[in-house]
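Below, chains carry the letters A, B, ... as their sequence lines are ordered, and counting in each starts from 1.
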2 protein chains.
Amino acid sequence: MGAFWSVRRRNDGGRQGVARRELKTVYDIARAAGVSAATVSRVLNGYVSVTPATRDRVLKLIEESGFRPNSNARRLVRGYPGQICFLLANRAMVHSFHSRILMGVENYCRQVAQDVVFATFRYGPDDRFPNDSVPHIIRERSGTEGILLAGTNYPNFLHFLTSLGLPYVFYGNNLVTGSLELPTERCVCFDEHSGGALAAAWLAGLGHRRLVFAGDLGKPWYERRFNGFRAGLAECAIVPGLIDVRDAADTFQLGRQAAATLLRDHSTATAVLAQDDQTACGMLEELRLAGVQVPADISLMGYDDIGEIQYLHPSLTTVRVPKEEIGRSMATELFRLRESGSSSQPVPLLAPGIIARDSCSRPKVFDETVFKNG
Amino acid sequence: MGAFWSVRRRNDGGRQGVARRELKTVYDIARAAGVSAATVSRVLNGYVSVTPATRDRVLKLIEESGFRPNSNARRLVRGYPGQICFLLANRAMVHSFHSRILMGVENYCRQVAQDVVFATFRYGPDDRFPNDSVPHIIRERSGTEGILLAGTNYPNFLHFLTSLGLPYVFYGNNLVTGSLELPTERCVCFDEHSGGALAAAWLAGLGHRRLVFAGDLGKPWYERRFNGFRAGLAECAIVPGLIDVRDAADTFQLGRQAAATLLRDHSTATAVLAQDDQTACGMLEELRLAGVQVPADISLMGYDDIGEIQYLHPSLTTVRVPKEEIGRSMATELFRLRESGSSSQPVPLLAPGIIARDSCSRPKVFDETVFKNG
DNA sequence: CTGAAAGCGCTTACAG
DNA sequence: CTGAAAGCGCTTACAG
């Protein structure tokens, strides 16, 4: 084995940058090419004001020697960091939802040659932030263009970043503001309310008249989904039932509890919107155990469109959330912030959609009055 | 709303670093404190050779002004990057498995005050790597301490990094070497073979005598799992059946196909080890559709311990893979590489374990001969 | 214990 | 089109 892994380290003609000599700085290249460091720099940066002959000579040396410019020197002299920080707050893991946001960020940054620093941070809504408690990248200046705040956040940390003069953009859907309104500046959101309304329209369109929302209204984001759902149904003169579960160990368990409540207290319901996909998974499980068929006996809809649910049986109809787009939008917004100085106009809300799969169908007892009233 | 978000930006006594004056460099601090920049630097770096009085004066200025040192200047002069790069190769997303590895990396790096740059990269096993095709952070020098290679990788890229003189450590389990042996240097692996053997011992211990492995042996990592499984069973004089499916759209579908084959060709089997958890999910689904009960009719075991499967019904018994530990080990190994110059000794294999849940039980027809022979 | 000075490796006016 | 020189903001021998 050693053989193979060594053998291939031989000089392969310079094509892959095996060092012919030690040319580590622009001065080394300059000396070898018989030009000044300034000229090497110009070639490196693609300035047109360089004679082709000179340029070729320098380029050849660079390629042969495998020279790569020192990024810290570049950043220091250019005055900008060339990096942004994706900060996942108050989460134990990169779950599939935030993973997609991260991918959106990374994809955009790759195109604009910016590095993405990944960091995590846990804090409470009333914490202060002594210097040694915050992520390393925040403790120094010019380490990052700014912060992309994902995960769950509270106003205290946003204020802290403001006081630091550190630009940031946050994922707004999971910001906990208490009784305060969501700020619209530096905030990237998708329209949770209209996602709920879309779900309402979808289920009502299938002919459902007796609908229920199942979720934890203690969380503002779920409350917004419910409000949208209710508003959407109001247009069809329908008032949804509500199963508000707040004390579950996790959202899957919450779903199971919600389904138990559903069977007990809402036995005439023909369709349910769960607060999110994971909750819907829990409900599906509990319904199965109870011998209730989805969608034959009841239609079940999720919210988020996490990848895992397409493999459920039945596959889950859900509200699509533009996760990659959220990431991309957060990144572009941060760079726009730099250009335009301080806070620009509010970022437009991103629009959700419906992913139709197998967990929703027309209700068993089709109610003609829907169309008479509609 | 605007009110709230502005109001809190007022000076809160300097505690949160609201700038009293513009003190942006060590020279500014030095002038204000009546000392030299060198002394400010000493305070910043915690040197003991500074008079308490001087130190306090400087510290006070730093705190009041919210001064943070320029990280690029520090890195340039110190000569090390203060960052490492987590490179996810040939993957469309951060799935839960790699997400846990990333968390292991980030957790460790946070403790040692290193930033983690997250990047993705797609390439083929025969690609060359012209400068503009590789991730930005690789194109410059001193941008990173080295590369942590996760995802699926091929030797050509490792050789390329070697030729660049860029230190790296790779996640070995998903390295595709063709017919070549896995290198042990710079390689962090968990012991896939022994995970398979553990699964074998577990199932045999439950009394199973007719067992099957379901997976894609075209992938070396699944082949290693199978080999371990077979070796483990050999100790009980059992030869497992094999369902080798190679043409599935994804591992879930692969599982469904495998289950169909199982029912058709291995109807006497009492236990199955799936190549991974996702495959087991597919099998579980297909078995359910066929009216086969798990574990009553057949025991089913996964491999990986991804978080999603604990909510399955029945919850899935699986092979635990130390994902966070893999991440942590990759990071420590990279820093060790820097200390000890070039390649140190091989990294020890990380050990898998068994997570016992509900999908495995004793076989319906308990075969006494197991104990007679064992 | 502290300061003056050099230096990290680039880029960019400023001249020519 | 090209070079000499200054400067980005730190840290670190070297003196004292």
Side-chain angles (χ1 to χ4, degrees), chain A residues 22-59 61-62 65-83 113 136-137 139-145 165, chain B residues 22-59 61-62 65-83 113 136-137 139-145 165:
Chain A
E22 286 297 310
L23 267 30
K24 309 202 65 148
T25 73
V26 288
Y27 286 97
D28 297 332
I29 298 284
R31 198 176 318 118
V35 299
S36 73
T39 295
V40 175
S41 177
R42 291 189 187 104
V43 171
L44 241 21
N45 292 287
Y47 290 15
V48 287
S49 72
V50 182
T51 294
T54 313
R55 171 191 312 283
D56 289 348
R57 198 146 29 97
V58 171
L59 244 23
L61 252 354
I62 290 175
S65 65
F67 169 81
R68 291 174 301 146
N70 182 301
S71 83
N72 297 127
R74 284 189 139 175
R75 287 169 175 172
L76 175 59
V77 69
R78 286 175 176 168
Y80 57 78
Q83 304 192 138
H136 175 252
I137 195 165
R139 297 209 276 269
E140 296 187 338
R141 201 160 40 91
S142 292
T144 176
E145 204 70 63
Chain B
E22 286 297 309
L23 267 29
K24 308 202 66 149
T25 74
V26 287
Y27 286 97
D28 297 334
I29 299 283
R31 198 176 317 119
V35 298
S36 73
T39 295
V40 175
S41 177
R42 291 191 187 101
V43 171
L44 241 19
N45 292 285
Y47 289 15
V48 287
S49 71
V50 182
T51 294
T54 313
R55 170 192 314 282
D56 289 348
R57 196 145 30 95
V58 171
L59 244 23
L61 253 353
I62 289 175
S65 64
F67 169 80
R68 291 173 300 144
N70 183 300
S71 83
N72 298 127
R74 284 189 139 177
R75 287 168 176 174
L76 175 59
V77 69
R78 286 174 175 170
Y80 57 77
Q83 305 192 136
H136 176 252
I137 196 165
R139 297 209 276 270
E140 297 187 338
R141 201 159 39 91
S142 291
T144 175
E145 204 70 63

Output yes when at least one side-chain N/O atom of B:S41 is less than 4.0 Å from OP1 or OP2 of D:dT11, else no. yes
In whole angstrom, give me the gap between the P atoms of C:dA5 and C:dC1. 23 Å
Under the side-chain hydrogen bond (donor to acceptor under 3.5 Å, both in side chains) rule, collect the residues that match up with A:Q83, sequence neighbours excluded. A:R75, B:Q83
How many whole angstroms separate atom CG of B:N70 from atom P of C:dG9? 17 Å
Nearest atoms (heavy-atom pairs only) where B:S65 meets B:I29: OG-CD1, 3.8 Å
How would you list, by chain and number, every residue that makes a side-chain contact (heavy atoms from CB on, under 4.5 Å) with B:S41, sequence neighbours excluded? B:N45
Taking every non-hydrogen atom, the tightest pair across B:V26 and B:A37: CG2-CB, 4.0 Å
Is B:N45 touching bases, backbone alone, or none of the nucleic acid, heavy atoms closer than 4.0 Å? sugar-phosphate
Expected rows: protein N/O vs nucleotides 2-6 of chain D N/O, under 3.5 Å:
residue : atom : partner : partner atom : Å
D:dT2   : OP1  : A:T51   : OG1          : 3.4
D:dT2   : OP1  : A:T54   : OG1          : 2.7
D:dT2   : OP2  : A:T51   : N            : 3.1
D:dG3   : OP2  : A:S36   : N            : 2.9
D:dG3   : OP2  : A:S36   : OG           : 3.1
D:dG3   : OP2  : A:T39   : OG1          : 2.7
D:dG3   : N7   : A:R42   : NH1          : 3.3
D:dG3   : N7   : A:R42   : NH2          : 3.4
D:dG3   : O6   : A:R42   : NH2          : 2.4

I'd like to check the salt bridge (charged side-chain N to carboxylate O under 4.0 Å, His left out) partners of A:R31; sequence neighbours left out, ordered by chain and number. A:D28
To the nearest Å, how far apart are B:D56 CG and C:dC1 P? 14 Å
Considering all heavy atoms of both residues, which atom of B:G143 and which atom of A:S71 are nearest to each other, and what is their separation? CA-OG, 3.3 Å
Pairs counted as Watson-Crick or G-U wobble with both distances under 3.5 Å: what dot-bracket string results for DNA chain C, using | for bases tied to another strand? |||.||||||||.|||
Run the side-chain hydrogen bond (donor to acceptor under 3.5 Å, both in side chains) test against A:S142 and tell me which residues pass, sequence neighbours left out. B:N70
Whether B:Y47 contacts D:dT11 is assessed here as follows: a side-chain N or O lying under 4.0 Å from the phosphate OP1 or OP2. Is that the case? no
With the threshold set at under 4.0 Å for non-hydrogen atoms, list the residues of residues 74-83 of chain A touching DNA chain D in residue-number order. A:L76, A:V77
May I ask you to verify if any side-chain N or O of A:R141 is less than 4.0 angstrom from the OP1 or OP2 atom of D:dC10? yes
Please give, in whole Å, the distance from C:dC10 P to A:R68 CZ? 11 Å
Determine the interatomic distance between P on D:dT11 and the same-named atom on D:dA15; round to the nearest Å. 22 Å
Restricting to side-chain contact (heavy atoms from CB on, under 4.5 Å), what partner residues turn up for A:R42, sequence neighbours left out? A:A38, A:T39, A:Y47, A:S49, A:V50
